[in-house]
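Residue numbering restarts at 1 for every chain, and letters A, B, ... go by the order of the sequence lines.
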Amino acid sequence: MAEGNRESQEQSDESLSQEEQEIRARWEREQNQLKSKLIEYDTEDWQEDASFAGLQRIGGVDLSYIKGDDSTACASLVVLSYPDLEVLYEDCRMVSLTAPYVAGFLAFREVHSLVEAVETLQDKDPSLMPQVLLVDGNGVLHHRGFGVACHLGVLTGLPCIGIAKNLLQVSGLENDELHKEQIRSLQMGGDSFPLVESSGRVLGMALKSCEKSTKPVYVSVGHKMSLESAVRLIHCCCKYRVPEPIRQADIRSRAHIRQNFPHLS
DNA sequence: GCGACAG
DNA sequence: ATCTTGTCGC
């Protein structure tokens, strides 16, 4: 019992239990193994077309949580038509989460439920399978170059794009005064600037996703799509700041929680 | 002590 | 992620 108290109260790295350290080491190995299967360029014809001709379905995924409960969530997968952005398919399900949220390892908490949702769609109605999946979180803009959008992409084989609402400050990227000035310099919807890590590699783009938004979204490659195509597509599916497929997944997963837990609203 | 820390 | 209402502005 003394052990349990120590673990929950101490915060410094050296106090991490041996078990926690082993989990992280295992997760890092898993990220590195899956990373060898990552494809960071356009693989589909529609991706390089000027108007995305041939693109008909875009998927969005999200998880919503219940306050005060860290093991229950609603996972949702929606499929929207392109270019009309009408909802063609919706799947919201309550799920039990086993892994905690650890910065840098979001996929280990969320990706299992999302893969299941994709498999359900494959069984139920494969003709509605999205041609690209928009993921709430980062792709290669990540400590080890393998965020949740890459993870889901490699596991499903689907082209994926990571969209984060906040800058993950990795390898030289900082939300400092220079970054804020670059944000202020964005003029019209579609304007963007590259996020360059210390080595010089471009990890993603900050994008003013719609005309009215002050704060950009952070776009990075998930799987089977180039950064250029990804940024162009994200701009094309934003009615508001958050791309419509993710926004619909978010709205609908929250509504589903209110439906199942009315006492929380 | 303070900032960071995708969701 | 969530805690949280109204309010100022177009």
Side-chain angles (χ1 to χ4, degrees), chain A residues 11-13 16 20 24 27-28 31 35 60-77 92 94-115 117 133-153 160-177 179-180 189 195 197 203-207 209-223 230 234 240-243 245-247 249-258 260-261 263-265:
Chain A
Q11 302 293 328
S12 66
D13 283 1
L16 288 178
E20 163 92 24
R24 283 173 171 258
W27 283 356
E28 283 194 26
Q31 286 178 330
K35 190 177 171 183
V61 291
D62 188 43
L63 266 75
S64 290
Y65 296 85
I66 298 175
K67 68 170 178 181
D69 182 342
D70 58 351
S71 65
T72 308
C74 175
S76 86
L77 164 63
C92 290
M94 298 309 300
V95 293
S96 292
L97 303 178
T98 50
Y101 169 66
V102 179
F105 300 94
L106 173 64
F108 293 89
R109 181 162 171 77
E110 299 197 337
V111 86
H112 175 70
S113 308
L114 300 176
V115 170
L133 215 41
L134 309 192
V135 183
D136 209 338
N138 289 297
V140 301
L141 174 47
H142 179 268
H143 302 81
R144 289 165 296 284
F146 200 76
V148 63
C150 302
H151 205 124
L152 186 59
C160 284
I161 302 171
I163 300 96
K165 295 183 282 295
N166 294 99
L167 176 66
L168 181 58
Q169 305 189 150
V170 50
S171 55
L173 294 175
E174 281 184 89
N175 185 14
D176 53 14
E177 212 35 63
H179 183 75
K180 289 170 181 159
L195 303 165
E197 75 168 317
L203 296 185
M205 299 281 265
L207 169 72
S209 56
C210 73
E211 206 62 46
K212 302 181 76 173
S213 75
T214 315
K215 188 174 176 176
V217 292
Y218 297 94
V219 180
S220 60
V221 170
H223 190 48
I234 294 306
Y240 306 100
R241 177 181 175 239
V242 175
I246 290 182
R247 187 170 160 268
D250 179 69
I251 289 172
R252 288 157 194 260
S253 60
R254 289 194 205 195
H256 190 83
I257 283 183
R258 266 181 269 148
N260 287 24
F261 302 86
H263 54 289
L264 293 177
S265 61

If you look at every strand shown and take non-hydrogen atoms under 4.0 Å, does [X] touch a base, only sugar-phosphate, or nothing?
X        : result
A:Asn138 : base
A:Phe105 : base
A:Leu167 : sugar-phosphate
A:Gly104 : base
A:Val148 : base
A:Lys165 : sugar-phosphate

#### Entry: Same-atom distance (P) from B:dC2 to C:dT5, integer angstrom
28 Å
### Task
Pick the C1' atom in B:dC5 and in C:dT2, then give their distance to the nearest Å.
16 Å
Taking the side chain of [X] as its heavy atoms from C-beta onward, which of [options] lies nearest to it?
X        : options             : answer
A:Ala103 : C:dT2, B:dC5, B:dG7 : B:dC5
A:Gln169 : B:dA4, B:dA6, C:dC3 : B:dA4
A:Leu168 : B:dA4, B:dA6, C:dT2 : B:dA6

Find the distance [X]:[atom1] to [N]:[atom2] and express it as a whole number of Å.
X        : N     : atom1 : atom2 : result
A:Leu152 : B:dG7 : CG    : P     : 16 Å
A:Arg24  : B:dC5 : CZ    : C1'   : 10 Å
A:Lys215 : B:dA6 : NZ    : P     : 11 Å
A:Ile257 : C:dA1 : CD1   : P     : 12 Å
A:Leu173 : B:dG3 : CG    : C1'   : 17 Å
A:Asp136 : C:dT2 : CG    : C1'   : 14 Å
A:Asn175 : B:dG3 : CG    : P     : 14 Å
A:Arg258 : C:dT2 : CZ    : C1'   : 14 Å

### Message
Check the phosphate of B:dG7 against A:Asn166, side-chain N and O only, distance under 4.0 Å to OP1 or OP2. Yes or no?
### Response
yes
### Task
Answer yes or no: does a side-chain N or O of A:Tyr101 lie under 4.0 Å from OP1 or OP2 of B:dC5?
no
### Message
Using 30° and 60° as the class boundaries, would you call the ring planes of A:Phe105 and A:Trp27 parallel, tilted or perpendicular?
### Response
tilted
### Query
If you find the nucleotide of DNA chain C closest to A:Tyr65 and the one closest to A:Lys212, which residue's nucleotide is nearer the 5' end?
A:Tyr65
Has the side chain of [X] got a donor or acceptor atom that lies under 3.5 Å from a matching backbone atom of [Y]?
X        : Y        : answer
A:Ser253 : A:Ala75  : no
A:Arg247 : A:Gly60  : no
A:Gln169 : A:Asp176 : no

### Query
What do you reckon, is NE2 of A:His179 surrounded by more than 12 foreign heavy atoms closer than 6.0 Å?
yes
#### Entry: A:Asp136/A:Lys165 salt bridge by N-O under 4.0 Å criterion
yes
### Task
Decide, yes or no, whether a salt bridge links A:Glu28 with A:Arg24 under the criterion of side-chain N to carboxylate O below 4.0 Å.
no
### Task
Determine the stems involving DNA chain C; a stem requires 3 or more consecutive pairs of the Watson-Crick or G-U wobble kind, each with both distances below 3.5 Å, and the answer is none if no such run exists.
none
### Query
Are the side chains of A:Asp70 and A:Arg109 in touch, meaning some heavy atoms are under 4.5 Å apart?
yes
